[in-house]
Amino acid sequence: MSEIAKTYEPAAVEAKWYDFWLQHECFKGDPARVSEQRPAYSIVIPPPNVTGVLTLGHVLNNTIQDILARRARMLGKEVLWLPGTDHAGIATQNVVEKTLRKSGEIKHRDDLGREALVAKIWEWKEKYGGIILQQLRALGASCDWSRTRFTMDEDYSRCVSRVFVDLYQKGLIYRGKRMVNWCPASLTALSDEEVVMKEQNGALYYFKVEVIEEPGRFLTIATTRPETIPGDTAVAVNPKDPRYADLIGKHVRRPLPLENQAPLPILGDDHVTFDFGTGVLKVTPAHDKADYEIGQRHKLPMIDIMHSNGVMNELAGADLAGLERFAARKRAVELLTELGALEKEEPYKNNVGYSERADVPIEPRLSEQWFLKYPSVEAAHQVVTSGEMKFYPERWAKVYDHWLTGIQDWCISRQLWWGHRIPVWYRGSEVYCGMEAPSGEGWSQDPDVLDTWFSSWLWPFATMGWPDKTGTLAKFYPTTDLVTGPDIIFFWVARMIMAGFEWMGELPFRNVYFTSLIRDKQGRKLSKSLNNSPDPLDLIAQYGADAVRFGTMRSAPLGSDVTYDEKNIELGRNFCTKLWNATRFRQMQSGPIEGEIEPKLLTSDDKWILLRLDGALREVSTALDEYRFSDAANALYRFFWSEFCDWYLETTKAAFFGDLEARKFNTLAVMDFVLGHTLRLFHPFLPFITEELWHDLGYNDDLPADQGGETIMFARWPAPLDDDFKAHYGLTASDEQFANAKYEVVNHSRALRRDFNITSSKRVRFVLKPSSELPEHDAAVLRILLNAEPLDIVADFAAPPGTPTALTPLGELYLPLEGLIDVAAERERLAKEIAKVESELGKVRVKLADENFAAKVPAKVLDEHRQREAAWAEKHAQLAKMHAALG
RNA sequence: GGGCAGUUAGCUCAGUGGUAGAGCGGCUCGUUUACACCGAGUUGGUCGGGGGUUCGAAUCCCUCACUGCCCACCA
């Protein structure tokens, strides 16, 4: 308990409490504590790249995880939120190589060689890796840092080898010469998922070739890649195509290169479509996936005309050899033109596969690689379609299903140095696969490393001590929730599910929450290169971590993208300030109090706010149960600002500043009840400020440590108010209605002030002619909310004609203006009011007059319309009477 | 080419059959002691177009348009 400062200074408060939590080991997940009474809740962080720095995407993702983890703790669960980083093979090697080149240390990785470069990357990792984990602390992430893992930790690496060997022995991993996606920039094979399609403005080139058996007869072929002509080994047409069917089995003369005049056979293949280009396809089995398959079907030779870096080799012919592939394309077109073979060139848009990392077009290339036939596909498929594992939003299940249905073998080897080395050794024609090097002389290990995702897919259990299934793994696996971006649903989520079934015999997590994508105001993804991605640490420094968290949560709905707007963060900051000041107001009235709420002394306002609190408790819990974080945040915002501050707090002033001293204690007790619930309800969203205020108000002092005595982190999650509670305190719907009616009187008074230009700060006399007796407290509240001096409650008030009047649910409210009475003006004002009422009344009456309506509408709706009509009609009658009284 | 989202106030978005909403912005007024990072009031919408179902449609159905994302071996 200490005095709340005038303004909230997030930086100091955040550092103080984060240190406190760490010192008290509040984030620790201990399997020994798990029991039936204390169930486990676990979540593994999607490991960011070691090279990563915090982005708004991470803020969104990790705030959600933190909310889930903190709420689970408050619900009395033993929580493990396990953090860590991913070695991110290709990305990290690129970053470090680039750094070394920039500093002039090397020109090329070969300058260092494999071992030295890997050592350098490790050095770099120790120094800069994990910056992002430090940054997550600034956000308030309650990860169990003592369990931080890295995908290249020694025991993690053993897990990777173990599953490789296992899969190899099961016959699911094989080595083969296949067409793969080759990245000519990174000089490695890639998986299908690492290739992104991009639309290109290219050209379609039409060139002709002569049929050898029928001199003078030419075929025209359309291609986007004329530079691959030297690699052609056939020409294909559809056998059902009447234009060309007779040519199958004959040959054409190869147009390029000039020195290779070996004829190309014309063959029939169903893959060829009639209506694309000319219906004649050049077949280049070594440089196109589809052509490769045609080649296989027809046993065509393959001519690889390119080096691995995309430069044409000597098989491309003297004219093209040595040229980079796109330069070669230009040259090939020139050559075709010179030969008179080029018929035309049309602009053409097509999709080209790009290397996701290096952002260059990939080259289909035949090479020796390791492949994996995915394991446990059926189980992974079933668990989602059956609904045992739930996706949020649900529609991702369909995407997942579709991918799993058409799944191809996974190319898992990479020609890189940074990563898990493939656990296979060769000696002559002998091959050995094992976790350790084979004994004996002359063995050499496969030089390739594994795809990064081949280690990431083990994350949920390899981080928990697998293959030892006791301890952590026994208690915390399967994890409860996974929170990640939909962009890695195939890369990571799907594969983790398979791995979970394959090695744990069980799903790895029960629920998957896919986060929104954050875009800028122009709808673009946030990215470094566009420089449209604000640094979350700057935002935290400027607005406070809670503000960033709350602003982000409030604006990120389940299931759709969000547009980033700093205004949202600002709103978060304003909200924290509001929370701070409202709490300060409580403290200014009194220090901590002893004792309970006295039911008999509850006012209609007290009952109203308790019922509104109940509504908020239900709304927030339900929303969180359904992973609707923005709805939960909005409910909190609305409750606290629009209900607690705007109305309830103002009514308490009747007790605190008015002449009803007797109610002061009870009002404090109600405030403490509401604030105590509110702070706990807010804690997962706003961990720092709630912890600070919890202590400042002294709410921690009378609770034992495991109920939030030392920290709000372990305070009980507030349950909705039950029926016993409501009965005990006499909370009924009619109390709520009465309070609402009272607040409506206030709204009417404000409208009157507006109409007669009386500012809200000016104290004026109001007279209420009550329709029923008004309790003393409510009169006092009205006096304060109306800013009336005095507020006369006069049952038989006879207002001078022309006195501004409003009809309220509690009676007629008068604004007697001495010397300012203007009968004509008041008559006009009433006429306007009447017109409005008549319009509403008319609308309802039109509906009710419709025979169809009355006959077909449900009774409930009909009833509701009749009530509405009656209400408007009554109002209309009263207004008309007042209008008539003015003469 | 296939699939999935979305289109509501100037902006960002709620609203799944019954009186169109919130926040921000704009405008007006206000330093009444929790808060000007505030309070009070006010201004903004033929709910993308067209058709249909219904007593009644932002909401259900059909269709079109536009935007975004995912999947796909027409070179």
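Here is how names work: the chains are called A, B, and so on, in the same order as the sequence lines, proteins then strands, and each is numbered from 1.
- Residue order along RNA chain B, read from the 5' end via each residue's closest nucleotide, puts A:V562 first among A:N351 and A:V562.
- In this pair, A:Y392 and A:Y627 present their aromatic rings tilted. The plane angle is within the 30 to 60° band.
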Per-nucleotide protein contact string for nucleotides 36-44 of chain B, where B marks a base within reach and S marks sugar-phosphate only (heavy atoms under 4.0 Å, - for neither):
-BSSSSS--
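- As rounded to the nearest Å, B:C62 and B:U19 have P atoms that lie 26 Å from one another.
- In this structure, A:W396 has its ring center under 6.0 Å from that of A:F514.
- Residues satisfying the salt bridge (charged side-chain N to carboxylate O under 4.0 Å, His left out) test with A:R612, not counting sequence neighbours, are A:E643, A:E736.
- Using atom C1' as the reference point in both B:C24 and B:U42, the two lie 16 Å apart (nearest Å).
- In this structure, A:L649 atom CG and B:U32 atom P are separated by 18 Å, rounded to whole Å.
- For B:G26 and B:C11, the P atoms lie 15 Å apart once the distance is rounded to whole Å.
- In this structure, A:I221 reaches neither bases nor backbone, as no heavy-atom distance under 4.0 Å exists between it and the strands shown.
- A search for salt bridge (charged side-chain N to carboxylate O under 4.0 Å, His left out) contacts involving A:R845 returns A:E869, not counting sequence neighbours.
- A heavy-atom distance below 4.0 Å to RNA chain B is reached by these residues of residues 266-288 of chain A, ordered by number: A:H271, A:V272, A:T273, A:F276, A:G279, A:L281.
- Distance from the side chain of A:A290 is smallest to B:C73 among B:C70, B:U32, B:C73.
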Atom pairs under 3.5 Å: protein N/O with N/O of nucleotides 2-8 of chain B:
none

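- Legend: residues meeting ring-ring contact (aromatic ring centres under 6.0 Å, His included) with A:F688, ordered by chain and number and at least two apart, are A:W21.
- Side-chain atoms of A:R178 and A:Y292 include no donor-acceptor pair closer than 3.5 Å.
- Qualifying salt bridge (charged side-chain N to carboxylate O under 4.0 Å, His left out) partners for A:D605, counting only residues two or more places apart in sequence or in other chains: A:K742.
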Per-nucleotide protein contact along nucleotides 17-23 of chain B, 5' to 3', at a 4.0 Å heavy-atom cut-off (B base, S sugar-phosphate only, - neither), is -BB---S
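- Rounded to a whole Å, the NZ atom of A:K762 is 14 Å from the C1' atom of B:C29.
- Base engagement by A:C645 is indicated by at least one non-hydrogen atom pair under 4.0 Å involving a base atom.
- Using a 4.0 Å cut-off between charged side-chain N and carboxylate O, A:D241 and A:R243 make a salt bridge.
- The side chain of A:N787 has B:U32 as its nearest neighbour among B:A75, B:U32, B:C35.
- Along RNA chain B, the nucleotide closest to A:E293 and the one closest to A:R763 are compared, and the more 5′ of them pairs with A:R763.
- With rounding to the nearest 0.5 Å, the separation of OH in A:Y564 from OG1 in A:T552 is 7.5 Å.
- Under 4.0 angstrom from either OP1 or OP2 of B:C70 there lies no side-chain N or O belonging to A:Y400.
- For A:K856, there are no salt bridge (charged side-chain N to carboxylate O under 4.0 Å, His left out) partners two or more places apart in sequence or in a different chain.
- A:Y8 meets the ring-ring contact (aromatic ring centres under 6.0 Å, His included) test with A:W580; sequence neighbours excluded.
- Shown here are the ring-ring contact (aromatic ring centres under 6.0 Å, His included) partners of A:F853, two or more places apart in sequence or in another chain: A:H865.
- Across all strands shown, A:E394 has no heavy atoms under 4.0 Å from either base or sugar-phosphate atoms.
- Side-chain rings of A:F682 and A:F575 approach one another, their centers coming within less than 6.0 Å.
- For A:Y348, the side chain to side chain contact (heavy atoms under 4.5 Å, CB included) partners are A:L204, A:T224, A:F276, A:N350, not counting sequence neighbours.
- Rounded to a whole angstrom, the distance from the C1' atom of B:A20 to that of B:A58 is 8 Å.
- Going from the P atom of B:U8 to that of B:G45 covers 14 Å, rounded to whole Å.
- With hydrogens and angles left out, the side chain of A:Q589 and the base of B:A34 share no donor-acceptor pair within 3.5 Å.
- In this structure B:G44 sits in the syn conformation; its chi angle is within 90° of 0.
- Nucleotides B:G15 and B:C60, compared at atom C1', are 16 Å apart to the nearest Å.
- We find that A:E864 and A:R868 are joined by a salt bridge, their nearest charged nitrogen and carboxylate oxygen being less than 4.0 Å apart.
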